[in-house]
Amino acid sequence: MGGTFREQLFFVMLCLSVLKGDARYMEENEITPEGLFSLLNSELKREIPEELIYSRPLRCLDMVAAEGQFTFTADRPHLSCAAFFIAEPNQVINVEYDSVDIDCRGGDFIKVFDGWVMKGEKFPSSQDHALPLMERYVDYCDSGTVRRTVRSSQNVAMVFFRVHTIGSSFTLTVRKPINLFPCNIISQTPEGSFTMVIPQQHRNCSFSIIYPVEIKIAELSLGHLNDFPIKSMPGCAGAGDFVELLGGNGMDPSKMFPVADLCYNFNGPAQMKIGCDNTVVRMVSSGRFVNRVAFQYRLLDRQELQRIKVNSVEDFCFTG
């Protein structure tokens, strides 16, 4: 199957959807997929003493996994740029404008997006985000000094920018405060574990893993008293509180394919292999209960993917 989605996400040809819905393609540059992947596991994530501030230049297409100060300076016109910011699952992202020297009247802009966008698809989806889509974009040229800091709702955010004039520049400081109740998360790694808790709030939360993985549900507690075995789809949507496993090759959970619904309390394990480029654990909560799901995930190897492909009757991706 390969890593089509991941290559699209981390390579130089990202089709971006911005404030007015216009599609723009990223410019060619020196970044390689390996270089972007390495950012998530390199010295950028090491512990940095509080008295030291990590700093480096910001590229036209960039992935930022560290706190610190990032400066973009135009060496030529850059008309379609984006920086992807990612934090740990239990963190959000603060983007602070330290200094900005761009020509807003001449068509330059810097826009922070609350989430990630790729090829018109968004994470979190519009169904799972508290703000309307238009309010998830904050344009520096519109807000100016009124909003010097923009905070994301989850562990990912983006900065879109366009600069026409050589020498124009801006500097951002990125900080990652703790989020007590994380909701809507993109995993930095292809394996790990997580416990999602929604404390009597009417909201939907998705945990996205941009790899084909095996999901093992260790515990599911939906707050009500129906302690029955796992129930497969369909039928859970009427329960008001449930967890669904989704698979697909895009970013937006609302456009992915349902693999299974879980709508009864149980202590696992219940496991499933999903051979998609993107796997999502999504919890829907009515707000009446404290809902909790604990799960583990690991990357599928090539042999597992091949077996799933041969044995699967699904055509959207491979499940087993």
Please check this pair: side chain of [X] against backbone of [Y], looking for a donor-acceptor N/O pair closer than 3.5 Å.
X	Y	answer
N278	G250	yes
W116	K122	no
D108	I102	no
Q127	S254	no
N249	D277	yes
Q201	R203	no
N94	K176	no

Output for pair (Y297 OH, T279 OG1), nearest 0.5 Å, gives 11.0 Å

Rounded to the nearest 0.5 Å, the CG atom of N155 sits from the CD atom of E88 at a distance of 8.5 Å

**OP:** State, without any angle test, whether D241 and S286 hold a side-chain donor-acceptor pair at a distance under 3.5 Å.
**Re:** yes

With sequence neighbours excluded, tell me which residues meet side-chain hydrogen bond (donor to acceptor under 3.5 Å, both in side chains) with [X].
X	value
S152	none
D75	H78
D98	Q69, T173
R282	D128, E244

Please examine the side chains of [Y] and [X], heavy atoms only from C-beta on, and report whether any two atoms are closer than 4.5 Å.
X	Y	answer
P177	Q91	no
M158	V112	no
M272	V259	yes
I93	R151	no
V213	E191	no
I178	N90	yes
P89	F194	yes

Applying ring pair (Phe, Tyr, Trp, His ring centres under 6.0 Å) to F295 and not counting sequence neighbours gives F207

Hits for ring pair (Phe, Tyr, Trp, His ring centres under 6.0 Å) against F123, two or more places apart or cross-chain, chain-then-number order -> none

Is the centre of the F72 ring less than 6.0 Å from the centre of the F161 ring?
yes

Exercise for review: May I ask you to check whether F109 and Y140 place their ring centers less than 6.0 Å from one another?
Suggested key: no

Any salt bridge linking [X] with [Y]? Criterion: basic side-chain nitrogen under 4.0 Å from a carboxylate oxygen.
X	Y	value
D103	R162	no
R148	E96	no
R298	E304	yes

Exercise for review: Please step through side-chain contact (heavy atoms from CB on, under 4.5 Å) for the pair N291 and M283, ending with a clear verdict.
Suggested key: CA-CA 8 Å; N291 293 326; M283 177 178 280; 3.6 Å; yes

In short, D114 meets S153 closest at the heavy-atom pair OD2-OG, 2.6 Å

